[in-house]
J.: 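Please read through the structure below; I'll follow up with questions.
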Amino acid sequence: KKMASKIRVVLRPVKSIVVRFCPFESNVESTRKFLGCINHKKIQATNRNCEVTADVRHDGSEPLVDVMFVDGDRLIMKGANLTTIEMLTALGSRCNAKDLKEEQKSKKKSP
Amino acid sequence: QDNGYARLLRRQVEEVFRDNRMIAVCQYNSMPGEDMVLMKHYLRKHNIEVKFVLNEIIRPMLSQSKYKNLLPLFVARNILLVSPETKVKEMLRVLKGVPQINLLGACIDSTILSRQGVENFAKLPSLEASQGQMVGALALLPSQTSSLLQGGSAHLTALLDEHIRRLQAGEMGSPDESAPAQSLGAH
């Protein structure tokens, strides 16, 4: 089983990440762990311009991770029924896909 | 567990909860060491101590004490900011400069507050100002009553004074009416 802190995510195509949760609810564990892993220095080092904000509420709303990408895409993950590893791999795979697209685009431009 | 170290840690946590008026629970995301030292320094200036806690130690302790409602806060990595005073405004100011620490909630004077509650608490006026406001509000009602009671006779007096003034002004022309005007003014 993979440890959440070992998953590599390259945040280059990400503009900002907002993690919203109500700490007094009982379904926020994976979202909070996700926030902790995202703040790890290795992942933060991949993109210093990416802002990670935590929005702490007390209104019974469900935990949410809102990712804005540089190319305008948006990824919303509802953490109530997801594990930390699932959220990290989902974000990681999307970031890799966007990175590959960027590389292909730049390769096409410079023959 | 009956592990000696666990018992020691548990006793330390119980002591923390007993001796401090303000206990703020924050999520701890990894931050560089020097930032942590700076933050600890600024908080120390306001007599706020930073305590790292282990969930396995604190959860059983909380579930048996009156702080049961703080239990859901203790998942993932947390730190406690504890202080025998309640300098919430200064604590919020320091935490604003540290994005890796997220305030989740606090227990101030045995009252559990959410993050919004803590921010509202910081905006409250001081105890003296609140006491002054209360005294002013309480004194308002009796002063209104006394002015109501005196209102009738004060109005009558004013009317009579005006009447005398007018009569005295008219007296310049006819001195016969001066006697009744003077008896009226005597009351």
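Predicted, not measured: the structure shown is a model, and the values here were computed from it. Below, chains carry the letters A, B, ... as their sequence lines are ordered, and counting in each starts from 1.
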J.: Report the option among B:Ile112, B:Val75, B:Val25 that has the most heavy-atom pairs separated by less than 4.5 Å from atoms of chain A.
T.: B:Val75

J.: Would A:Val65 and A:Met68 show up in the same hydrophobic cluster when neighbours are defined by side-chain heavy atoms closer than 4.5 Å?
T.: no

J.: Are B:Val16 and B:Leu81 connected, step by step, through hydrophobic side chains (Ile, Leu, Val, Met, Phe, Trp, Tyr) whose heavy atoms are closer than 4.5 Å?
T.: no

J.: Please say yes or no: joined through hydrophobic side-chain contacts below 4.5 Å, possibly via intermediate residues, are A:Leu75 and A:Ile43 part of one cluster?
T.: yes

J.: Does any heavy atom of chain A fall under 4.5 Å from the side chain of B:Leu113, the backbone, both, or neither of them?
T.: backbone

J.: Which pair of non-hydrogen atoms, one from B:Leu104 and one from A:Pro23, has the smallest distance, and what is that distance?
T.: O-CG, 3.6 Å

J.: Indicate, with yes or no, if B:Met36 and B:Leu54 share a hydrophobic cluster defined by side-chain heavy-atom contacts under 4.5 Å among Ile, Leu, Val, Met, Phe, Trp and Tyr.
T.: no

J.: Is there a path of hydrophobic side-chain contacts, each under 4.5 Å between heavy atoms of I, L, V, M, F, W or Y residues, that connects B:Val98 with A:Val19?
T.: no

J.: Could you pull out every donor-acceptor pair under 3.5 Å between chain B and chain A?
T.:
unit_1	atom_1	unit_2	atom_2	d
B:Gln27	OE1	A:Arg32	NE	2.6
B:Gln27	OE1	A:Arg32	NH2	3.4
B:Gln27	NE2	A:Arg32	O	2.9
B:Ser30	OG	A:Asn39	O	3.4
B:Leu73	O	A:Arg32	NH1	2.6
B:Leu73	O	A:Arg32	NH2	3.4
B:Val75	O	A:Arg32	NH2	3.1
B:Asn78	OD1	A:Arg32	NH2	2.5

J.: Just wondering, more than 12 heavy atoms not from B:Phe52 lying within 6.0 Å of its CZ?
T.: yes

